Amino acid sequence: MARPEPPKLTPEASKKDWSISDFEIGRPLGKGKFGCVYLAREIKSRYIVAFKVIFKEQIEKYKLHHQLRREMEIQNALRHPNVLRLYGWFDDSVRIFLILEYAHNGELFKELREAGHFSEKQAATYISSLTQALIYCHENHVIHRDIKLENLLLDNEGSKRHTICGTPDYFVPEMVENKTHDYAVDNWTLGVLCYELLYGVPPFEAKSQRDTFKRIINVDLSFPSTHGVTDEAKDLICKDASLNDSSKRLSLEKILEHPWIVKNAHPEGICPK
Ligand code: ADP
């Protein structure tokens, strides 16, 4: 179901339309690489948003102007119920402010850590919602490359959103080996994520980053006998996260048709508790 469009925060809202005086700033929601994220409310419409504050000094230090601008433009143009909206942005002399859709239920990472691991129905619902978001992104020529638990945020109904970043556990073999990567990068990561949702730990975890990379390159994947994970779930994981040859990975469309997803995922992405 389409979410109602905020009264004034239209997608066309451009940088010059907003200033800090249009918003009341509330509690911090989290800390990002280059600044903090706060709960905020647009004063006139009373519309609740998340406000990401990025310090220009940091962006200049790491020469990330172009990357940030590109990411902002891409996120601003994407419209999908499972992709977090960026409504607009503005800046002052020292900071850049991103006006983001507020994800009420925070990080999937926290939910997983609290639960230990998810049921097959929960995991399949999350994987299906994320796959739908990725199909939309790929159709719009966007490769996420950076899917990981911390980047997946949850709305009221527990559906899925995503943003930006990178940890070694989620690197794919062709990225570790520095080959050029393509859309199948996101498919690999879906397999890795599926494993972590079901087992509570990432599949290639190791003592050092080097050992994690080694396990990834050797596709050293094993399934512990804990949590009673079904063969159908393992089949999906193997068809995505255990194939060094990216062309053999299950396509996103085929993931949605996989018997484990069909049997377990909630059709509207509402996650069972
Ligand atoms: P960065 O990518 O710069 O590291 P994030 O975008 O991951 O920063 O934001 C840091 C944290 O802030 C997130 O992990 C999350 O807990 C919180 N957060 C970010 N955006 C939102 C949002 N739109 N709604 C709710 N919480 C958010």
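Computation of the quantities below employed the complete heavy-atom set of this structure, encompassing side-chain atoms and omitting hydrogens, waters and symmetry-equivalent molecules. The shown structure was predicted, so the numbers you read here are calculated from the model rather than taken from an experiment. Along the sequence shown, the residues carry numbers beginning at 1. All ligand and atom numbering here is 1-based and tracks the order in the structure.
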Exercise. Tell me, which pairs form a salt bridge (Lys or Arg N to Asp or Glu O under 4.0 Å) where one or both residues lie in residues 56-66, sequence neighbours left out?
Worked result: Lys56-Asp91
Exercise. Should the proximity of Ala50 to ligand 1, defined as any heavy atom under 4.0 Å, be assigned to the side chain, the backbone, both, or neither?
Worked result: side chain
Problem set entry | Polar proximity ligand 1 side, Glu107 side, N/O cut 3.5 Å exclusive | yes
Exercise. Should Lys239 and Asp235 count as an ion pair when the cut-off is N to O under 4.0 Å?
Worked result: yes
Problem set entry | Polar contact flag for Lys52 and ligand 1 (N/O pairs, less than 3.5 Å) | yes
For this session: Keeping the roles fixed (side chain from Arg215, backbone from Asp220), state whether a donor-acceptor pair exists under 3.5 Å.
Result: yes
Exercise. With atoms numbered from 1 as shown, which atoms in ligand 1 lie under 4.0 angstrom from a non-hydrogen atom of Leu84?
Worked result: 23 (N)
Exercise. For ligand 1, which atoms have a heavy atom of Gly32 less than 4.0 angstrom away?
Worked result: 1 (P), 3 (O), 4 (O), 8 (O), 10 (C)
For this session: Return yes when atom CZ of Arg113 has more than 12 non-hydrogen atoms of other residues, nucleotides or ligands closer than 6.0 Å, and no otherwise.
Result: yes
Exercise. If you measure from each non-hydrogen atom of Leu29 to ligand 1, which part falls under 4.0 Å: side chain, backbone, both or neither?
Worked result: both
Exercise. Angle class for the Phe97/Phe90 ring planes (parallel below 30°, perpendicular above 60°, tilted otherwise)?
Worked result: parallel
Exercise. What do we get for Ile54 next to ligand 1 when only non-hydrogen atoms under 4.0 Å count, side chain, backbone, both or neither?
Worked result: neither
For this session: Run down the list Arg85, Glu101, Lys31 and name the one with the heavy atom closest to atom 10 (C) of ligand 1.
Result: Lys31
Exercise. Which residue from Leu153, Asn105, Leu154 reaches closest to atom 21 (C) of ligand 1 through any of its heavy atoms?
Worked result: Leu153
For this session: Flag the pair Glu257 and Lys263 as a salt bridge only when some basic side-chain nitrogen lies within less than 4.0 angstrom of an acidic carboxylate oxygen.
Result: no
Problem set entry | Non-neighbouring partners of Pro259 that pass side-chain contact (heavy atoms from CB on, under 4.5 Å), sequence neighbours left out | Glu232
Exercise. Non-hydrogen atoms of His104 versus ligand 1: any pair closer than 4.0 Å?
Worked result: no
